[in-house]
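Data block below; observations after.
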Amino acid sequence: MSPLERFSAAWREDYVSAVSAKDHESEDTECVFCALANEPANESTGVLFRSDTSFITLNAFPYGSGHLLVLPRRHVATLQELREDEYTEFFWTMRKAVVALEATYQPDGMNVGFNLGHAAGAGIPKHLHGHVLPRWTGDTNFMTTIAETRVLSESLVATWQKVHAHL
Ligand SMILES: [Zn+2]
């Protein structure tokens with residue numbers, strides 16, 4: 001199984017078990033984002049870009065084509081736990097993801113944001129991650145989108161190849 005497939009499986013598992021989130025969170029399970037943080041950027045891992053303290057990856061469980069995640073490489077759950085240098089690089093990387101998606105898809109708009117905590121809809125709340133998602137006029141709204149599992153029009157590998165060309 002490739003790292004991307006492991007990530008995808010773990011992500012789904014986390015969604016399924018979100019109902020019993022309290023028990024789940026207290027377990028000392030391996031963090032799928034930490035495992036991904038040191039993977040090389042390639043089609044197999046789904047990682048698109050890595051800096052010293054942050055990285056961009058495909059969302060293995062996307063709400064639509066071109067759905068990226070931007071993460072600190074260090075395991076922190078909140079924005080306030082980031083050091084100043086990590087914070088700066090994290091948002092620099094968020095902007096880099098926005099620029100790459102703009103160049104790749106020329107969308108009508110973009111959702112950029114965070115779900116902090118299970119109650120806010122975070123699938124994996126223990127490791128901070130920002131969502132960057134291209135949107136088109138006529139899409140369902142973001143809250144509807146994230147409440148559903150959507151069928152993709154584009155494979156993850158195809159997304160990786162297209163976006164990576166613009167990073
Ligand atoms: Zn982690």
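First listed ligand is number 1; within each ligand, the first listed atom is number 1.
The atom name of the N/O/S atom in His127 closest to the Zn ion (ligand 1) is ND1. The minimum distance between the Zn ion (ligand 1) and any N, O or S atom of His75 involves atom ND1.
By the 30° and 60° cut-offs, the orientation of the rings of Trp136 relative to Tyr105 is perpendicular. In this structure, Phe49 and Trp92 have tilted ring planes: the angle between them lies in the 30° to 60° band.
The main-chain N or O of Phe55 is never found under 3.5 Å from a side-chain atom of Arg50 such that the two would form a donor-acceptor pair.
Around the Zn ion (ligand 1), the two atoms SG of Cys31 and SG of Cys34 are separated by an angle of 120°, to 10 degrees.
Taken from CZ in Phe114 to CE in Met94, the straight-line distance is 4.0 Å, to the nearest 0.5 Å.
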